[in-house]
Amino acid sequence: MNEKQLERIRNGQGFIAALDQSGGSTPKALQQYGIEPSRYSGDEEMFAMVHAMRTRIIKSPAFNAEYILGAILFENTMDRKIDGLFTAEYLWEKKGIVPFLKVDKGLADKDGGVQLLKPMPDLDDLLRRAVARGVFGTKMRSVIYEANSDSIRKVVQQQFEIGKQIWAAGLVPIIEPEVDIHSADKSESERILKEEILGQLSALAPDVTVMLKLSIPSEDNLYRELMDEPHVARVVALSGGYEREEANERLARNHGLIASFSRALAEGLYDQQSDEQFNEVLADTIQSIYKASIT
């Protein structure tokens, strides 16, 4: 593990940029960026276009280590290059931004008010490749829709079980049990989730380090106790479908919680913009998310 990167994640100011839309969400991300499906044919052209979009974001002067601690990549992005360097290498060597990798294969069918992770039979191989590419950590997303204690326990147990496998491979796992922002009992789900996470953290070996990526809680500062837990390097928040302005407002009320936004980060960016327009919009977005993250 790169100790300099770990120190930056633990104590640096800024937020985590999520650039990890995968196969299923890539067409939507491109459409949001102003690229309709009629402009590409097949997965290879689609992934080439989304890599060009991400490259434009990463290479922008606005996308810099003064405001951004880390960036989460999709596997296809990890395997592609920017200016002759693999993307993770470029992020750290040229930008000073810590690279992470989305490792999950999507969600299982909804059962008991949650969606667990799909099986990841090739995870060990992916982790070896990630280490070789210069990746620091990983992330994997489950979703909670209902305040079902047994189901939430299953979500957290699965996340931590895989997290231990990731840590053993030399990477820091981001545990991401998202609570759906439209859940009728979101607050109760979050209280149950917090207790389950605390239970799993207390059972970890002393040397294990994890990060947590959670929905912005309905109860302000609910996750303060998680931030103070010795095993936790950082607690970050997903936007979860909130528009950027609302996400920033909610985030700013939770001291110590920093952003890890995806859709909200790319809001207002379009393929048709000039570089000047693109960089100006991205700079304004990054500044607003950064401000909310350091409150």
Side-chain angles (χ1 to χ4, degrees), residues 1-2 4-6 8-9 12 14-30 32-33 35 40 43-105 120 122-123 125-141 166 169-174 176 211 213 236 238 259-263 265-266 269 271 275 278-279 282 285-286 289:
M1 183 190 304
N2 187 314
K4 188 175 180 181
Q5 292 176 341
L6 179 59
R8 178 157 172 72
I9 291 299
F15 66 94
I16 309 291
L19 304 173
D20 60 333
Q21 297 93 344
S22 55
S25 56
T26 297
K28 186 176 180 180
L30 284 173
Q32 179 185 336
Y33 183 55
I35 296 179
Y40 54 85
D43 285 352
E44 181 53 36
E45 288 187 15
M46 177 183 73
F47 286 130
M49 284 192 166
V50 83
H51 185 64
M53 178 189 79
R54 289 166 177 156
T55 297
R56 194 180 188 192
I57 291 171
I58 290 169
K59 292 186 70 174
S60 170
F63 196 87
N64 64 69
E66 183 177 357
Y67 307 108
I68 298 170
L69 294 175
I72 305 171
L73 307 174
F74 171 49
E75 181 181 352
N76 188 278
T77 306
M78 177 187 76
D79 288 335
R80 292 177 184 264
K81 293 183 177 181
I82 300 176
D83 292 352
L85 294 173
F86 284 109
T87 306
E89 295 172 333
Y90 184 92
L91 280 166
W92 181 243
E93 294 177 17
K94 300 298 184 182
K95 289 281 188 168
I97 293 170
V98 180
F100 293 82
L101 176 68
K102 167 185 157 65
V103 295
D104 68 74
K105 300 300 182 184
M120 292 181 270
D122 301 323
L123 180 59
D125 178 64
L126 178 58
L127 297 177
R128 282 191 291 270
R129 287 171 47 226
V131 170
R133 293 278 193 265
V135 170
F136 168 78
T138 68
K139 84 119 197 180
M140 49 197 173
R141 170 179 170 265
I166 291 165
L171 299 160
V172 174
I174 299 179
E176 185 183 2
M211 295 172 63
K213 183 170 179 175
V236 306
L238 54 101
S260 178
F261 294 171
S262 174
R263 187 190 55 79
L265 175 67
L269 299 178
D271 175 55
D275 286 344
F278 181 93
N279 292 334
L282 183 59
T285 297
I286 287 173
I289 297 173

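In this chain, residues are counted from 1 in sequence order. Please read these numbers as outputs of a predicted model, since none were measured by experiment.
- Closest of all the heavy-atom pairs between Gly134 and Pro99 is O-CG, 3.3 Å.
- The aromatic rings of Phe47 and Phe74 lie tilted to each other, with the angle between the two planes from 30° to 60°.
- Side-chain contact between Ser260 and Leu238: absent, with no pair of heavy atoms (C-beta onward) separated by less than 4.5 Å.
- To the nearest 0.5 Å, atoms CG (Asn64) and CD1 (Ile58) are separated by 13.0 Å.
- Every residue two or more places apart in sequence or in another chain that forms a ring pair (Phe, Tyr, Trp, His ring centres under 6.0 Å) with Tyr67 is listed here: Tyr290.
- With Lys213 contributing its side chain and Lys139 its backbone, the two residues share no donor-acceptor pair below 3.5 Å.
- In this structure, His51 and Ile82 have side chains that are in contact, with non-hydrogen atoms separated by less than 4.5 Å.
- In plain terms, the two heavy atoms of Thr285 and Leu265 that are nearest each other are CG2-O, 3.5 Å.
- Leu101 contributes atom CG, which lies 5.0 Å from atom CE of Met78 (distance to the nearest 0.5 angstrom).
- Distance CZ/Arg128 to CG/Leu126: 10.0 Å, rounded to 0.5 Å.
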Original post:
Where do Val98 and Trp92 land on the side chain to side chain contact (heavy atoms under 4.5 Å, CB included) test, with the steps shown first?
Top reply: CA-CA 6 Å; Val98 180; Trp92 181 243; 3.7 Å; yes
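- Here the OG1-CD1 distance, from Thr138 to Ile166, works out to 3.5 Å after rounding to the nearest 0.5 Å.
- Checked for salt-bridge contact, Asp79 and Arg129 meet the test: a charged N lies under 4.0 Å from a carboxylate O.
- Thr77 contributes atom OG1, which lies 12.0 Å from atom CD1 of Ile72 (distance to the nearest 0.5 angstrom).
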**OP:** Determine, step by step, whether Leu269 and Arg56 satisfy the side chain to side chain contact (heavy atoms under 4.5 Å, CB included) criterion, reporting the C-alpha distance in whole Å, the side-chain angles of both residues, the deciding distance to 0.1 Å, and the verdict.
**Re:** CA-CA 10 Å; Leu269 299 178; Arg56 194 180 188 192; over 6 Å; no
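- Side-chain contact between Asp104 and Met120: present, with at least one pair of heavy atoms (C-beta onward) separated by less than 4.5 Å.
- Across all non-hydrogen atoms, the minimal contact from Ile68 to Arg8 is O-NH2, 2.9 Å.
- Leu73 pairs with exactly one of Thr87, Asp20, Val135 by the side chain to side chain contact (heavy atoms under 4.5 Å, CB included) rule, that one being Thr87.
- With rounding to the nearest 0.5 Å, the separation of CG in Leu69 from CZ in Phe100 is 8.5 Å.
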**OP:** Show the numbers, then the answer: is there a side chain to side chain contact (heavy atoms under 4.5 Å, CB included) between Leu19 and Phe63?
**Re:** CA-CA 12 Å; Leu19 304 173; Phe63 196 87; 4.1 Å; yes
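- Nearest approach of Phe15 to Ala259, heavy atoms of both residues: CB-O, 3.3 Å.
- In terms of heavy-atom proximity, Ile16 sits nearest to Ala71 at CG2-N, 4.3 Å.
- The shortest distance between side-chain heavy atoms of Ile57 and Phe278 falls below 4.5 Å.
- The list of salt bridge (Lys or Arg N to Asp or Glu O under 4.0 Å) pairs with a residue in residues 81-101, not counting sequence neighbours, reads Lys59-Asp83.
- Of all non-hydrogen atoms in Ala88 and Arg133, the two that sit nearest each other are CB-O, 3.5 Å.
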Subject >> Intermediate values then yes/no, side chain to side chain contact (heavy atoms under 4.5 Å, CB included), Met49 and Tyr33 >> reply: CA-CA 10 Å; Met49 284 192 166; Tyr33 183 55; over 6 Å; no
